[in-house]
Amino acid sequence: MIIQRVVLNSRPGKNGDPVAENFRVEEFSLPDALNEGQVQVRTLYLSVDPYMRCKMNEDTGTDYLAPWQLAQVADGGGIGVVEESKHQKLAKGDFVTSFYWPWQTKAILDGNGLEKVDPQLVDGHLSYFLGAIGMPGLTSLIGVQEKGHISAGSNQTMVVSGAAGACGSLAGQIGHLLGCSRVVGICGTQEKCLFLTSELGFDAAVNYKTGNVAEQLREACPGGVDVYFDNVGGDISNAVISQMNENSHIVLCGQISQYNKDVPYPPPLPPAVEAIRKERNITRERFTVVNYKDKFEPGILQLSQWFKEGKLKIKETVANGLENMGVAFQSMMTGGNVGKQIVCISEDSSL
């Protein structure tokens, strides 16, 4: 069977900006027969995420992410439907997801590497399993729970950078749900600011591209900052950390401003900012969601419950077609998305 797939065409270089042309679409032939334990799946949705920038380098800098190989198929979060099965626990028509889904229209996969999902958890919005009711949701929830140290009723202020992105848009809402009295988002356009305050319930939003971030933050956070959910790093984070209170906490989710630079992760803070961090006893620990697998199942159920109760608003930016994977990735890396960036490969989930 002839299918289409996306392979890594070129590397942007450790300090380069990724472009759509780093990827290319090609035809590929799938075997006609399944081996025992395998399933044939049709891809419905694929995810593009900031961590993938590390996979474009020859060395990802982390032990839990393998680099993509040149001329080989790229992979990431994906969801699809089983078309044929030789796996005991998976049947034709089951919806399945994986963190290592190949960027292909169809694939033959080891059934043991797939997780069956229940469409009822997302009211039929299957792509949500790649976002709010999936890895980004778990990253936001577990990150805030484990590293944010929110205690309801203690009048805490939370700041979220990259606040209109996949994790940020959820983290701010989760901050409110867990008991923060004030949540402030930082993002890069007026439209995103309005979206945060009018749709997601953020108390204020700061546009880092207009005016002085430190001044805008002082206005938005008169009592200082107690929890900082950091998606970006760099100058924005330095401005936030400078306004953090004694014994406050940084949830180190990502450092997208540093991903196109050859620096260690997490990047060291400038000496003056590090001095403030130490002086005020601000925690800034590396956070990797895969270390909390025991919390995945209860986390997914909690996120699903909040979504169904209307307490967690979910936003997606959807591109269509496998040929647009590279375009969607480049756009997401430069802030073109609001909420989770998804690519729809096939909308037809029936068989």
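Numbers here are sequence positions counted from 1.
E83 and K92 are not joined by a salt bridge, as no carboxylate oxygen comes within less than 4.0 angstrom of a charged side-chain nitrogen. Note on K55 versus D75: salt bridge recorded, some NZ/NE/NH1/NH2 to OD/OE distance being below 4.0 Å. At a threshold of 4.0 Å, the pair E246-R280 does not count as salt-bridged, since none of the basic side-chain nitrogens sits closer than that to a carboxylate oxygen.
Without hydrogens or angle criteria, S140 side chain to C167 main chain gives a donor-acceptor distance under 3.5 Å. Side chain of S47 to main chain of I342: no donor-acceptor pair is present (N/O by atom type, distance under 3.5 Å, no hydrogens or angles). A donor-acceptor contact shorter than 3.5 Å links the side chain of T60 to the backbone of L65. Listed for the R11 side chain is a donor-acceptor partner under 3.5 Å among the backbone atoms of M56. Remark: the backbone N or O of V338 is paired with a side-chain donor or acceptor of T317 at under 3.5 angstrom. Without hydrogens or angle criteria, N245 side chain to G223 main chain gives a donor-acceptor distance under 3.5 Å. Within the 3.5 Å criterion, the main-chain N or O of M135 finds a donor-acceptor partner in the side chain of T139. E309 contributes no side-chain N or O that, together with a main-chain N or O of K311, makes up a donor-acceptor pair within less than 3.5 Å. Remark: the backbone N or O of L196 is not paired with any side-chain donor or acceptor of E199 at under 3.5 angstrom. Q72 contributes no side-chain N or O that, together with a main-chain N or O of W68, makes up a donor-acceptor pair within less than 3.5 Å.
Between the CG atom in N337 and the OG atom in S331 there is a gap of 6.0 Å [rounded to 0.5 Å]. Atoms CG and CG, on L170 and L200 in that order, are 8.5 Å from each other to the nearest 0.5 Å. Taking CE of M244 as the reference point, atom OG1 of T157 lies at 11.0 Å (rounded to 0.5 Å). Note: L322 CG to T43 OG1 = 8.0 Å, rounded to the nearest 0.5 Å. The structure places CD1 of I79 at 12.5 Å from CZ of R42, a figure rounded to the nearest 0.5 Å. Here CZ of F95 is found 5.0 Å from CG of L126. Values are rounded to the nearest 0.5 Å.
Tracing side-chain contacts under 4.5 Å through hydrophobic residues (I, L, V, M, F, W, Y), one reaches V273 starting from V225; they form part of the same cluster. There is a path of hydrophobic side-chain contacts, each under 4.5 Å, that joins V144 to L301. Side-chain heavy atoms closer than 4.5 Å link hydrophobic residues (I, L, V, M, F, W, Y) into clusters, and following such links, even through other members, never connects L194 to I186. In the hydrophobic clustering of this structure, V96 does not group with L34; members are Ile, Leu, Val, Met, Phe, Trp, Tyr whose side-chain heavy atoms approach within less than 4.5 Å, directly or through other members.
No hydrogens or angles considered: a donor-acceptor pair under 3.5 Å links the side chains of S161 and Y228. Side-chain contact check for E21 and S10: no donor-acceptor pair (N or O, by modelled atom type) lies under 3.5 Å. Side chains of H87 and D110: a donor-acceptor N/O pair is absent below 3.5 angstrom, by distance only.
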Check step by step if side chain to side chain donor-acceptor pair (under 3.5 Å) holds for N22 and N9. CA-CA 5 Å; N22 292 135; N9 188 44; over 6 Å; no
Begin from the C-alpha positions of T97 and L130 and carry the test side-chain contact (heavy atoms from CB on, under 4.5 Å) through to its verdict. CA-CA 8 Å; T97 185; L130 300 180; 4.0 Å; yes
Does the pair Q190 and N207 meet the rule for a side chain to side chain donor-acceptor pair (under 3.5 Å), with working shown? CA-CA 7 Å; Q190 286 311 116; N207 183 345; 2.8 Å; yes
Could you go step by step and tell me if R5 and E26 meet the salt bridge (Lys or Arg N to Asp or Glu O under 4.0 Å) rule? CA-CA 6 Å; R5 68 177 191 174; E26 63 178 29; 2.8 Å; yes
Run the numbers on L312 and L303 for side-chain contact (heavy atoms from CB on, under 4.5 Å), then give the verdict. CA-CA 8 Å; L312 191 67; L303 292 160; 3.9 Å; yes
Pair V6, V73 - check side-chain contact (heavy atoms from CB on, under 4.5 Å), show working. CA-CA 6 Å; V6 173; V73 69; 5.8 Å; no
Evaluate F287 against I142 for side-chain contact (heavy atoms from CB on, under 4.5 Å), listing each step before the verdict. CA-CA 9 Å; F287 167 69; I142 297 169; 4.0 Å; yes
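Among residues at least two apart or in separate chains, there is no salt bridge (Lys or Arg N to Asp or Glu O under 4.0 Å) pair with a member in residues 182-194. Note on residues 320-343: pairs passing salt bridge (Lys or Arg N to Asp or Glu O under 4.0 Å), not counting sequence neighbours, are D49-K340. Listed by first and then second residue, the ring-ring contact (aromatic ring centres under 6.0 Å, His included) pairs that reach into residues 130-153 are H149-H249, sequence neighbours excluded. Sorted by first and then second residue, the salt bridge (Lys or Arg N to Asp or Glu O under 4.0 Å) pairs involving residues 200-211 (not counting sequence neighbours) form an empty list. Residue pairs satisfying the salt bridge (Lys or Arg N to Asp or Glu O under 4.0 Å) criterion with at least one member in residues 285-301, sequence neighbours excluded, are listed as follows: E146-K295, K147-E285.
Taking a 4.5 Å side-chain heavy-atom cut-off between Ile, Leu, Val, Met, Phe, Trp and Tyr, the cluster of I2 contains only that residue.
The shortest heavy-atom contact between C344 and V318 is CB-CG1, 4.0 Å. Looking at every heavy atom in both residues, W101 comes nearest to G80 through CH2-N, 3.3 Å. The two residues P136 and A166 come nearest to each other via the heavy atoms CB-CB, 4.3 Å. Scanning all heavy atoms of the two residues, the minimum distance from G78 to L46 falls at CA-CD2, 4.0 Å.
Judged as a salt bridge (charged side-chain N to carboxylate O under 4.0 Å, His left out), and not counting sequence neighbours, D226 has no contacts. K313 is linked by a salt bridge (charged side-chain N to carboxylate O under 4.0 Å, His left out) to nothing, counting only residues two or more places apart in sequence or in another chain. Not counting sequence neighbours, E279 has no partner by the side-chain contact (heavy atoms from CB on, under 4.5 Å) test. Residues passing the side chain to side chain donor-acceptor pair (under 3.5 Å) test with R277 are E274, sequence neighbours excluded. Listed by chain and number, the residues in a side-chain contact (heavy atoms from CB on, under 4.5 Å) with A214 are N212, R218, Q243 (sequence neighbours excluded).
Outside the 6.0 Å centre-distance limit, the rings of Y64 and Y51 are not counted as a close aromatic pair.
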Which side-chain N or O atoms in residues 114-125 pair as donor and acceptor under 3.5 Å with protein atoms at least two apart or in another chain?
from : atom 1 : to   : atom 2 : distance (Å)
D118 : OD1    : Q120 : N      : 2.9

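Using the six-membered ring where Trp is involved, F23 and F329 have ring planes that are perpendicular, over 60° apart on the 30 and 60° scheme.
Residues Q104 and Q4 form no side-chain contact, since every pair of their non-hydrogen atoms from C-beta on lies 4.5 Å or further apart.
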